[in-house]
Every structure is written in C-alpha cells, then in structure tokens.
*Asks:* 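Structure provided below as structure tokens; questions to follow.
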Amino acid sequence: MASVASPVIFKEFCPLYYLLNAIPTKVQKGFRSIVVYLTALDTNGDYIAVGSSIGMLYLYCRHLNQMKKYNFEGKCESITFVKLLSCFDDLVAVGTASGRVAVFQLVSSLPGRNKQLRRFDVAGIHKSSITALAWSPNGMKLFSGDDKGKIVYSALDLDQGICNSSLVLEETSSIVQLDYNQKVLLVSTLQRTLLFYTEEKSVKQVGTQPRK
C-alpha cells in the first residue's frame with residue numbers, strides 16, 4: 001500500500017525586529033546625520049551577519065542573543081558582500097565598495113578555540129567593488145571577486161596569523177557568484193560560467209553561448 005504524503009504546512013515568519021532594533025537607523029558624523037542602509041547579508045546556524053552602508057559589520061550570535069559590531073579602520077565605505085564560515089573556528093569575510101577585503105576570526109567560548117579576535121587583510125589587489133566571496137570548507141582558502149572581473153585567492157594560516165593573496169583569474173565582466181569545492185572554483189560572470197581548476201590553473205567553460 002502506498003504511503004500517504006504528509007501535508008505541506010506553510011508558515012509565515014515575521015520580521016526579525018530583535019535584530020533590526022539592534023542596528024541604528026542613523027549615525028552622527030560630525031554635524032551630519034547619516035542614514036544607515038543594510039547592504040549585505042549572510043547566515044548560518046550560529047550567526048547572522050549584516051553589512052551596512054557605513055562600513056560597519058553587525059554580527060548577531062543566535063545562541064547568545066547578542067549583537068557585536070566590527071569595522072574597518074580609516075575610510076567609512078559601504079560593505080558590499082559578507083560570507084560566514086563555521087569550521088574549527090568561526091570566520092567571516094567582508095568585502096567593500098572600494099575593493100577592501102578583510103577576514104575576522106571570531107572569539108569562541110568553547111575549549112581549544114580562538115580566544116582573541118583577529119583580523120586578516122587582503123591587501124592592494126582589488127581596486128573596485130567586491131561582488132562575491134567563497135570559502136574552502138576548512139577556512140584555509142578564500143576567493144574574492146570584483147565588478148571588474150578580477151578573482152583573488154587568499155591563503156590563510158590562522159595559527160601563524162598570515163594571509164597571502166594573489167590574482168588567479170581575470171574575466172572581462174563583473175563576477176556575480178563564486179563557489180569552491182574539491183580544488184575547483186565555480187565562477188559566474190555577467191557573460192559566462194566557468195570552472196577554474198586551482199591545481200592545474202586551467203579553465204573550462206560551462207556551455208558554449210555567452211549570456212545576453
């Protein structure tokens with residue numbers, strides 16, 4: 001006898017007021033009052049990361065119901081992309097409108113985990129807005145793409161506190177999506193999708209026709 005499928009139950013979820021109320025709608029800069037816009041979002045089982053137009057990253061811990069704030073030193077600029085990763089340590093990568101990329105290694109209360117907030121910078125390669133970020137599952141590799149078609153690979157040594165970055169691919173149109181798995185980077189641009197094999201440094205296009 002065939003089993004009867006369970007009925008599908010639709011649920012309506014209300015806005016996350018507890019999260020939104022912890023983010024200011026305006027900030028004061030000298031004599032000016034600046035409106036805060038929310039510009040980037042990523043979530044996982046532990047955190048909700050929200051980027052803003054004032055260069056502030058708001059990180060909400062879902063287990064502790066706490067909001068923390070992280071920012072870049074110097075120029076206040078819009079955050080364009082955020083990417084969380086939970087591996088042995090909790091990591092969040094942040095990209096900005098001018099091409100700055102930073103990685104925050106978060107503090108954990110668990111034994112054997114990171115006890116001090118650390119930041120790693122991807123220095124000087126991107127010159128335009130960051131449009132995509134992708135982690136390797138172990139947090140040792142970060143790929144970043146910008147709206148001029150540049151893709152940068154950053155190797156992170158969290159124990160030594162080192163981040164080495166290099167340009168690995170340059171496309172003719174904006175990067176819109178990156179995903180990495182098993183030494184293969186999936187790249188989507190405004191014109192095409194391709195597979196970049198990181199060991200061989202070779203490219204294989206997906207499909208034959210360019211996007212319109």
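The first residue of the sequence shown is numbered 1, and numbering continues consecutively from there.
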*Asks:* So if I apply the ring pair (Phe, Tyr, Trp, His ring centres under 6.0 Å) rule between Phe143 and each of Phe196, Phe81, Tyr153, which one comes out positive?
*Replies:*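 Only one option passes, and that is Tyr153.
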*Asks:* Do side-chain atoms of Thr80 reach the backbone of Ile130 as a donor and acceptor pair under 3.5 angstrom?
*Replies:*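 Yes, the answer is positive, given that a donor and an acceptor are paired below the 3.5 Å cut-off.
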*Asks:* For Lys148, does the NZ atom sit with more than 12 other heavy atoms under 6.0 Å from it, leaving out its own atoms?
*Replies:*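 Not more than 12 within 6.0 Å, no.
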*Asks:* Look up atom CZ in Arg62 and atom CD1 in Ile48, then write down how far apart they are to the nearest 0.5 Å.
*Replies:*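 Answer rounded to 0.5 Å: 4.5 Å.
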*Asks:* For residues Tyr180 and Lys141, is any side-chain donor paired with an opposing acceptor at under 3.5 Å?
*Replies:*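 The answer is yes; a qualifying pair exists.
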*Asks:* For the pair Thr131 (side chain) and Ile175 (backbone), establish whether a donor and an acceptor sit closer than 3.5 Å, ignoring hydrogens and angles.
*Replies:*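 Such a contact is found between Thr131 side chain and Ile175 backbone.
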*Asks:* Under 4.0 Å between a side-chain nitrogen and a carboxylate oxygen: does that hold for Arg192 and Glu171?
*Replies:*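 Salt bridge present between Arg192 and Glu171.
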*Asks:* Under the criterion side-chain contact (heavy atoms from CB on, under 4.5 Å), which of Val103, Leu91, Asn138 is the partner of Leu158?
*Replies:*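 Going through Val103, Leu91, Asn138 one by one, the side-chain contact (heavy atoms from CB on, under 4.5 Å) with Leu158 is satisfied by Leu91 alone.
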*Asks:* Just by distance, do the side chain of Ser52 and the backbone of Val36 share a donor-acceptor pair under 3.5 Å?
*Replies:*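 Looks like no, no N/O pair under 3.5 Å.
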*Asks:* Find out whether Val92 and Lys83 are in side-chain contact, i.e. whether some heavy atom of one side chain is under 4.5 Å from a heavy atom of the other.
*Replies:*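 No - every pair of side-chain heavy atoms lies 4.5 Å or more apart.
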*Asks:* Answer yes or no: is there a donor N or O on one side and an acceptor on the other, between the side chain of Glu77 and the main chain of Ser98, under 3.5 Å?
*Replies:*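 Yes; judged by distance alone, with no hydrogens or angles, the pair exists.
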*Asks:* Could you give all pairs that pass the side-chain hydrogen bond (donor to acceptor under 3.5 Å, both in side chains) test and reach residues 20-43, with sequence neighbours left out?
*Replies:*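 Listed once each, the pairs would be none.
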*Asks:* For Lys150, does its backbone N or O pair with a side-chain atom of Asp146 as donor and acceptor, under 3.5 Å?
*Replies:*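 Confirmed, Asp146 side chain pairs with Lys150 backbone.
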*Asks:* From Ser173 OG over to Gln191 CD, what is the distance, rounded to the nearest 0.5 angstrom?
*Replies:*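 If I round to the nearest 0.5 Å, the distance is 4.0 Å.
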*Asks:* If I compare all heavy atoms of Ser136 with all of Leu85, which pair ends up nearest, and what's the gap?
*Replies:*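 Closest pair (atom of Ser136, atom of Leu85, distance): O-CD2, 3.5 Å.
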*Asks:* Kindly say whether the aromatic ring centers of Phe120 and Phe104 come within a distance under 6.0 Å.
*Replies:*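 Ring centres of Phe104 and Phe120 not closer than 6.0 Å.
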